Amino acid sequence: MSTITVGLPDGRTLEVPAGATVLDVAREIGEGLARAALAGRIAGELVDLRQPLLGDVSKLEIVTSRDPDGADVIRHSAEHVMADAVKRLFPEAQVDVGRADHSEKFQYDFKVAEPFSPEDLEKIEAQVRKIVKEKSPFAREEVSREDARALFAELGEELKLSRLDDIPEGAPITLFRHGEFVDLCRGPHVQNAKQIGAVKLLEAAGAYWRGDESNPMLQRIYGTAFATKQELQEHLERIEEAKKRDHRRVGPQLELFHLDPLSPGSPFFLPKGMVLYNGLVDFVKALYPKYGYHEVMAPQLFRADIYKTSGHYQNFHDDMFWFAGADEGEELGVKGMNCPGHCRIFSVKKRSYRELPLRLAEFSRLHRNERSGTLTGLARVRSFAQDDAHIYCEHDQVETEIHRFFEMMTEVYTALGLEGVEINLETRPEQGFIGEPADWEVGERQLEAAVRSAGYDCGVNPGEAAFYGPKIACDFRDVLGRSWTLGTLQIDMAMPGRFGLRYIGRDGQEHQPAMLHRAVLGSIERFLAVYIEHTGGDFPLWLAPVQVALLPITDRHAEYAGKVRDALEAAGIRVSLDDRSEKLGFKIREAELQKIPIMAVLGDQEQEQGTVTPRVRSDESRGGEGVSVDTFVSDLAEQVARRQVTPGSA
RNA sequence: GCCGACGUAGCUCAGCUGGUAGAGCAACGCAUUCGUAAUGCGUAGGUCGCCGGUUCGACUCCGGCCGUCGGCUCCA
C-alpha cells in the first residue's frame, strides 16, 4: 500500500496511507485534536475532515473552534441543521441554497406556500437546538450526476435539480448528510451536530429565486452560530453596541438632520448638520484649484431631449422625476446626474487640446425617484448632491488623471480621518454594455493599476459596472456591515460619442475626447451617513458643528464668559455658551453628550487671571492648568486652520 | 417595487384577554449660585400614523393606505 507525506504547521511530517482522510491525520497527531477538529486547511483552502488525501500535502492545518475559520464551518453546518429543522416542521418546503460567505451569518432559501412568521422562527430555532442535541454525525459522499438527480427527484426537491444543472460537467458532486437531511454541498462540515455550540436565528425575509426580480420570491432565513453560548452572546452584544452609532440615531440626537414622512428620502439638514455639510463641500472646493477643477452650474431642469441624447431617458426614465413644461407637449426632467449638462458645457465652443484636461465640477442638488424599499436614512435618498466632476481629456492623459484622482481622494480621506475604505473594480456587465470588450479591458487594467500604485488593495466585482464603462468604487461599511459606495471613478465610453464631443488636436484634426466621471465624497448625504457612523459623532475639530462649549460655573461668571465667546467668535470659532443656572457637572455631561470637542470652564480663578481651563474630549484632560484667553483662541484657530484630525490640548 | 416586522408625548418605552392613556428624559416655571458626566420642586404636553369596518363602546379586533426598519431587487 502506497503512503503519502503530510506536512504539519510545526514543520513535522507524517507518513500516512494514500486515501487517508484529514480526520485520520488529526488522529495521528492526537485524539484530543481529532475530537476538536472542525475542518482542515490546505494552501489556505478549507477542506472537509472526511476528504481523502490522495497525494503529498506540504502543509495541512487542523481547524478547531480556536481558529478564526472554525466559526465559519460551524455556521455552515448550522445552516444545514436549520434547513433540516425547516423540513421537519414544514415537509412541503423546498430547499434552495445557503450562503457562500459564512464569516458572519448563514442563510437558506425555501420555497413555501406561506412566509415564515416570527413564531415559525422560534419553532424552527427550538427544532435546531433539538437536532444539535441529537449529535447526529455529518457524512460526506461523492456521487454521480445521475445518482444526485435521482435522489433529489425522489425527494421532490425541484429547486435542487435546477441547481444541480449549474455544476459544470466533470466537476465532482458531493453531498452532505446528517440524520434524514441531505443537500448538495461542497462542505466542509463539522463532525457532528453537537459541535455547533450555539445557534440564533436572526430574521426571515423574502428573496427572489436566483436573485431575479421576475422570478417568484422565496423565503430566506438568516441566522448565526458560534462554538459557545458566550461567543454568541458577545457577538449579539457587539451588534447592539454598533447600532448605537447608527447615523439615523446619532443624527437626530446631535440635531444634525431630520427625516420626515412628508418627504420620504429627502433629508432636512438642521443648522448643525448644515455646518458639517458646508464644511465638507468647502473643503473639497478649496482643493479644486490645486487639482485643476473648474466649478460650473448647469440647470436643474432639462427638456427630455438631453436625456434622450445621453441615454438616461431610455435607461432610467422611471427613476427620474418628470413633469410638463408650460408649452404644449414640453416634457421636462429634473436633474438626476450632472454629466449631460457638462457635455453641453464642453460643446459651447470649439475646444482645443490645449484646454485639456478640462475638469468640470458641480455640487448641484440631484433628484432620483428611488424605489421606496431602497430608501435608507441618509445613505440612500431621493435628493442629494455629489462632489461631482467630469474630466475631458486626451486618451493618453487618462492614466495620469486616474492617478491624480487617487491622490486627491487620499488627501481628503486622510484629512477627515476616515479609515476602512475597500476599493473595488467593477467590470463589464455581461449584457447591455456599449463599446468594444477590448476597450473595456484596457480601461479595467488602467483603473486597477492606478489603485495599486496608489497603495490600495483592489477587489473585483465582476459585471457590476454601469453600461457605459468600467468603474472604481470606494466602499465603506456601515454599523450593520452593509457596504456603501462613496467615491467613484468611471471611464465613460458612451457620452462623448452620444454628444458628438470633439476637440482639435495638436495635429489639427478633430478628435473625440476621453471622459471620466469622478467623485471623492460621492453623495454628500451618503458620505455623512458613513462618516457619522465611523466617528460616532466625534467629528474633527475643524468640522464640529460646535467647537467649544463655554461653561461658566455660576451666574457671576457669565459676563466674563461672554467676552471669551466674543474673542473666540472673532477668530471664527463656533462657540456655545451654557449660561443656565446649572451645576458644572450637569453642563459637562450635556456638552459630552453633544460630543463638543473642547470645553472651557470659567470660574473665579479664570476670571481673575484672564484664563480658561480647557477640558478636551479626546485626551481625557480634566481640570488642568488654565491657559490665557489669547493662547486658547490662537491655538484653536491654528488647529482649525490646519484641519487637525484630533484636537490636542489647547 | 417585492417579502416580513413595526408605528402610543420632542426622545426612549409601558399599557393583561375591547371600557376613550402612563413613566423616565427633554421642554417650560420657581427655588438653588454650585469647580469637571445628571440639584430639588412644580407646570404643560398625546385625534394612540391616516382612512374605513365590526361593536353599546376600539390604542386594543378586521381591511385599505402612508411611513419606518430588516432583507431582496435596483443604484445613471
Side-chain angles (χ1 to χ4, degrees), chain A residues 105 107 109 112 114-118 120-121 202-222 243 246 248-249 252-253 255 258-265 307 310-320 335-340 366 368-377 379-381 386 388 464-469 471 473 480 482 484-485 488 490 492 494-495 517 523 526 551-558 580-593 599-606 613-615 617 620-624:
Chain A
K105 45 191 169 184
Q107 71 189 45
D109 289 358
V112 279
E114 290 294 319
F116 297 113
S117 68
D120 291 338
L121 279 197
L202 300 170
E203 64 217 345
Y208 298 107
W209 158 239
R210 288 185 179 278
D212 186 336
E213 208 175 355
S214 59
N215 283 342
M217 189 163 256
L218 306 180
Q219 295 302 319
R220 174 173 299 173
I221 298 177
Y222 288 95
K243 281 182 183 166
D246 193 316
R248 291 164 297 189
R249 181 168 167 155
Q253 263 168 11
E255 293 180 28
H258 164 71
L259 299 168
D260 197 301
L262 290 175
S263 189
Y307 299 115
S310 70
H312 292 105
Y313 192 94
Q314 300 85 322
N315 285 302
F316 296 105
H317 187 274
D318 289 350
D319 306 306
M320 291 177 66
K335 179 154 68 180
M337 69 304 293
N338 290 308
C339 29
L366 305 177
R368 294 180 184 176
N369 198 1
E370 302 283 3
R371 299 207 282 184
S372 58
T374 64
L375 301 176
T376 304
R380 186 76 179 268
V381 290
Q386 296 176 286
D388 199 12
E464 288 290 307
F467 66 94
Y468 59 73
K471 170 178 180 177
L480 299 180
R482 299 178 295 197
W484 298 97
T485 297
T488 58
Q490 293 176 264
D492 193 324
M495 223 61 87
H517 301 236
S523 149
R526 174 176 294 177
L551 312 179
I553 287 174
T554 75
D555 291 351
R556 68 176 178 278
H557 308 116
R580 296 173 300 177
S581 58
E582 295 288 352
K583 289 178 156 185
L584 182 62
F586 180 83
K587 294 182 183 184
I588 287 172
R589 178 181 155 81
E590 297 240 311
E592 289 283 348
L593 292 175
M599 290 172 230
V601 175
L602 310 165
D604 288 334
Q605 187 191 316
E606 289 79 6
T613 302
R615 173 183 163 115
R617 257 178 74 70
E620 309 262 312
S621 72
R622 301 286 178 267

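Chain letters run A, B, ... following the sequence lines, proteins first, then strands; residues in each count from 1. These numbers come from the heavy atoms of this one structure, side chains and all, not from hydrogens, waters or symmetry mates. Computed from a prediction, not measured in an experiment: that's the story for all the values here.
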Problem set entry | Spacing of the P atoms in C50(B) and A9(B) (rounded, Å) | 10 Å
Exercise. Less than 3.5 Å between a donor and an acceptor, one on the side chain of R210(A) and one on the base of C72(B), is that the case here?
Worked result: no
Exercise. Expressed in whole Å, how much space separates the C1' atoms belonging to U68(B) and C34(B)?
Worked result: 44 Å
Exercise. If you look at every strand shown and take non-hydrogen atoms under 4.0 Å, does R556(A) touch a base, only sugar-phosphate, or nothing?
Worked result: sugar-phosphate
Exercise. When the P atoms of C72(B) and A58(B) are considered, how many whole Å apart are they?
Worked result: 42 Å
Problem set entry | Interatomic distance at C1', A5(B) relative to G45(B), whole Å | 30 Å
For this session: Determine: side-chain N/O of R482(A) to OP1/OP2 of G70(B), distance under 4.0 Å, yes or no.
Result: yes
For this session: Name the orientation class of the two ring planes belonging to H312(A) and Y307(A) (parallel below 30°, tilted from 30 to 60°, perpendicular beyond 60°).
Result: perpendicular
For this session: Can you tell me, in whole Å, how much space there is between the P of G18(B) and that of G57(B)?
Result: 15 Å
For this session: Would you state whether a donor and an acceptor, one from the side chain of R371(A) and one from the base of C75(B), lie under 3.5 Å apart?
Result: no
Exercise. Roughly how far apart, to the nearest Å, are U54(B) and C62(B) at atom P?
Worked result: 16 Å
Exercise. When we call it a touch if two heavy atoms are under 4.0 Å apart, what does G469(A) touch: a base, just sugar-phosphate, or nothing?
Worked result: nothing
Seminar exercise, completed: Winner on side-chain proximity to M337(A), out of G71(B), A76(B), U33(B), is A76(B)
Exercise. Quick one: L259(A) CG to C66(B) C1', roughly how many Å, whole number?
Worked result: 16 Å
Problem set entry | Nearest-angstrom distance from the residue atom CD of E370(A) to P of G67(B) | 15 Å
Problem set entry | A23(B) and A14(B), which share atom name C1', separated by this distance in whole Å | 7 Å
Exercise. Does the base of U36(B) carry an N or O that pairs as donor and acceptor with the side chain of R615(A) under 3.5 Å?
Worked result: yes
Problem set entry | F586(A) side-chain proximity, nearest of A38(B), C3(B), C74(B) | A38(B)
Problem set entry | Phosphate contact (A76(B) OP1 or OP2) by K471(A) side-chain N/O below 4.0 Å | yes
Problem set entry | Closest to the I588(A) side chain, choosing from U36(B), C3(B), U33(B) | U36(B)
For this session: When you get a sec, tell me which of U36(B), A76(B), G71(B) is the closest nucleotide to the side chain of R220(A)?
Result: G71(B)
Exercise. For the base of G35(B), is there a side-chain donor-acceptor partner from E606(A) under 3.5 Å away?
Worked result: yes
Seminar exercise, completed: Taking a pair to mean Watson-Crick or G-U wobble geometry with both distances below 3.5 Å, G22(B) pairs with C13(B)
Problem set entry | Spacing of the C1' atoms in C13(B) and C59(B) (rounded, Å) | 15 Å
